[in-house]
Amino acid sequence: PEQVKAPEFREISPLGLVPALGLSDGRAISESAAIVAFLTDSHPEKGLAPPIGSDAHAQYLSLLVFMAVNLYPHINLAFDGSQLSESEEHNAAIRRRSGQHSLAVLDILENRLAEDGPFLLGDSFGIADVIALNSWNATVNERAPSSGMRTDRLPLAACLSARCNVSIRRCHRCAAQ
């Protein structure tokens, strides 16, 4: 969108990336993992992240950064590599390789579910599950028809999706009360 190109927005987010979150002191933060960590740390009563200072919280932070560094950029490039390409052929190669990398990272998350499930951090549903599923849906479900990716590649993620949908509906009901 045009708004992210505006100089005012570039002062908040120098790369023009969304989301960005305004803070109470007038400053802003713009990295997804930082925003999620800030919000979950600021509202521990919501139960979307393990308690601050716990070993589980350290695992949660590691998972957020893992996805932000290893997954998000490749998902974006899997849809459009033109910012790094010199030709349409090169763009197609970037998109293909980025899609493959995204699936390899999602395989790591799939293995984590197999070892620690039913959720990414064990028995508790949290925001890390929602973020991973958003990435899974963007990579597998949205790219599958055009890329030949199999939607059955990540069966535990599909089960997680079903569990998260139930948990998200429960969260919406709790928030409404």
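Predicted, not measured: the structure shown is a model, and the values here were computed from it. All heavy atoms count here, side chains included; hydrogens, waters and symmetry mates do not.
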Between Leu109 and Ala132, which heavy-atom pair has the shortest distance, and what is it? CD1-CB, 4.1 Å
Residues in side chain to side chain contact (heavy atoms under 4.5 Å, CB included) with Asp25, at least two apart? Leu23, Arg27
Sequence neighbours excluded - side-chain hydrogen bond (donor to acceptor under 3.5 Å, both in side chains) pairs with any residue from residues 48-57: Asp41-His57
With Asp116 via salt bridge (Lys or Arg N to Asp or Glu O under 4.0 Å) - residues at least two apart: Arg112
Results of side-chain hydrogen bond (donor to acceptor under 3.5 Å, both in side chains) for Asp80 - residues two or more places apart only: Ser82
Taking only distance into account, with no hydrogens and no angle test, what donor-acceptor pairs under 3.5 Å do side-chain atoms of residues 8-16 form with protein atoms, sequence neighbours excluded?
from, atom 1, to, atom 2, distance (Å)
Arg10, NE, Val4, O, 2.9
Arg10, NH1, Pro14, O, 3.2
Ser13, OG, Leu17, N, 3.1
Ser13, OG, Leu17, O, 2.9

When every non-hydrogen atom of Asn70 is compared with those of His101, the smallest separation belongs to O-NE2, 3.2 Å
As a quick check of understanding, evaluate side chain to side chain contact (heavy atoms under 4.5 Å, CB included) for Leu21 and Leu39, giving each step before the final call. CA-CA 10 Å; Leu21 177 68; Leu39 290 173; 4.0 Å; yes
To the closest 0.5 Å, what do you measure between CG (Leu48) and OG (Ser124)? 10.5 Å
Can you list the residues that meet the side chain to side chain contact (heavy atoms under 4.5 Å, CB included) rule with Asn76, with sequence neighbours excluded? none
Looking only at heavy atoms, which two atoms of Asp129 and Leu120 are closest? And how far apart? OD1-N, 2.8 Å
Would you sort out whether Phe66 and Ile108 count as a side chain to side chain contact (heavy atoms under 4.5 Å, CB included), showing the intermediate values? CA-CA 10 Å; Phe66 174 79; Ile108 292 169; 3.9 Å; yes
Given the rule that I, L, V, M, F, W and Y join up when any side-chain heavy atoms are under 4.5 Å apart, are Leu106 and Phe79 in one cluster? yes
Closest non-hydrogen atom pair between Pro118 and Asp123, with its separation: CD-OD1, 3.6 Å
ring-ring contact (aromatic ring centres under 6.0 Å, His included) partners of residues 19-45, not counting sequence neighbours, each pair once: none
For Val69, the hydrophobic cluster (side chain heavy atoms closer than 4.5 Å, chained through members) also holds Val65
For Ala93, enumerate each residue passing the side chain to side chain contact (heavy atoms under 4.5 Å, CB included) test, keeping only those at least two apart in sequence or located in another chain. Arg96
Strictly distance-based, threshold 3.5 Å: is any side-chain N or O of Arg95 a donor or acceptor partner for the main-chain N or O of Gly81? no
Nearest atoms (heavy-atom pairs only) where Ala37 meets Tyr60: CA-OH, 4.0 Å
Within the structure provided, determine whether Gln100 and Leu103 are in side-chain contact (heavy-atom separation under 4.5 Å). no
So if I apply the side-chain contact (heavy atoms from CB on, under 4.5 Å) rule between Ser102 and each of Leu77, Ile75, Asp107, which one comes out positive? Ile75
Taking the side chain as every heavy atom from C-beta outward, state whether Leu121 and Gln59 have any atom pair closer than 4.5 Å. yes
Treat each ILVMFWY residue as a node, draw an edge where side-chain heavy atoms are under 4.5 Å apart, and state whether Met67 and Val130 are in one component. yes
Kindly write out the residues that satisfy side-chain hydrogen bond (donor to acceptor under 3.5 Å, both in side chains) with Ser32, not counting sequence neighbours, or none if the list is empty. none
Suppose clustering is done on Ile, Leu, Val, Met, Phe, Trp and Tyr with side-chain heavy atoms closer than 4.5 Å. Which residues sit in the same group as Ile52? none
Might you point out which heavy atoms bring Phe119 and Phe125 nearest each other, and give the distance in Å? CD1-N, 3.6 Å
Residues passing the side chain to side chain contact (heavy atoms under 4.5 Å, CB included) test with His90, sequence neighbours excluded, are Ser85, Glu86, Ser87, Ile94
